[in-house]
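Notes follow once the structure below has been shown.
Index from 1, following the sequence. Nothing here was measured: the structure is a model prediction, and the numbers come from that model. One-based numbering, in listed order, for ligands and for the atoms of each.
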Amino acid sequence: MAVDLSLPYDPGNVFAKILRREISVQILYEDEYALAFPDISPQATIHVLIIPKGAYVSSADFGASASNDEIAGFARAISKLAEQLGLIRNGYRLISNTGPDAGQEVPHYHVHLLAGEKLSAKLIKKNAE
Ligand code: 5GP
């Protein structure tokens with residue numbers, strides 16, 4: 001079900017449960033601002049989700065309400081993760097689905113990192129024909 005961006009943050013969402021360690025994941029990167037773990041349903045050879053530790057529904061909410069430290073920390077965490085995964089030379093794609101038209105399903109801001117192969121333009125948008 002697509003995320004309704006008009007709703008407040010729901011602490012029962014699956015990524016909030018992962019942050020509280022109620023659901024276990026393979027942690028690929030963690031610092032005070034971000035947590036990264038493999039997507040349960042990978043769409044590329046490497047498919048990692050990066051989430052902020054703060055309670056933000058979407059990219060829109062994060063950009064509007066997070067502190068400068070949180071925004072900078074999150075951006076730096078993505079770069080550190082990419083370096084740690086050895087992706088700086090060949091590259092990677094970042095996607096953040098925001099709201100119903102983009103098909104956002106989990107109402108906790110997250111960035112998809114796709115890599116490890118030549119990526120199809122189809123992966124720019126979920127469910128693209
Ligand atoms: P969205 O559609 O909101 O941009 O992306 C949500 C992503 O979360 C999907 O790619 C989906 O596979 C992933 N996902 C949903 N539930 C879980 C889970 O419990 N564990 C992990 N690792 N990924 C999940």
Are Leu19 and Val111 grouped together when hydrophobic residues (ILVMFWY) are joined by side-chain heavy atoms under 4.5 angstrom apart? no
In the single-linkage hydrophobic clustering (I, L, V, M, F, W, Y; side-chain heavy atoms under 4.5 Å), do Ile51 and Leu28 co-cluster? no
Has Gln84 got more than 12 heavy atoms of other residues, nucleotides or ligands less than 6.0 Å from its CD? yes
Under 4.0 Å from a heavy atom of [X]: give me the atoms of ligand 1 that qualify, with their elements.
{"X": "Phe37", "answer": "22 (N)"}
{"X": "Leu49", "answer": "8 (O), 13 (C), 23 (N)"}
{"X": "Gln104", "answer": "3 (O)"}
{"X": "Ser41", "answer": "12 (O)"}

Just let me know how [X] lines up against ligand 1, side chain, backbone, both or neither, with a heavy-atom cut-off below 4.0 Å.
{"X": "His112", "answer": "side chain"}
{"X": "Ile95", "answer": "neither"}
{"X": "Tyr109", "answer": "neither"}
{"X": "Ala102", "answer": "neither"}
{"X": "Val106", "answer": "both"}

Ignoring angles and geometry beyond distance, decide whether Glu105 reaches within less than 3.5 Å of ligand 1 through its nitrogen or oxygen atoms. yes
So for ligand 1, is His47 a polar contact partner (N or O within less than 3.5 Å, distance only)? no
Apply the test side chain to side chain contact (heavy atoms under 4.5 Å, CB included) to residues His112 and Val48: give CA-CA distance (whole Å), side-chain angles for both, the deciding distance (0.1 Å), then the verdict. CA-CA 6 Å; His112 298 255; Val48 179; over 6 Å; no
Distance alone, cut at 3.5 Å: any donor-acceptor contact between the side chains of Ser41 and Asp39? no
Ion pair present between Lys53 and Glu30, side-chain N to carboxylate O less than 4.0 angstrom? yes
Say whether, by atom type as modelled, one donor and one acceptor occur between the side chain of Thr45 and the main chain of Glu117 under 3.5 angstrom. no
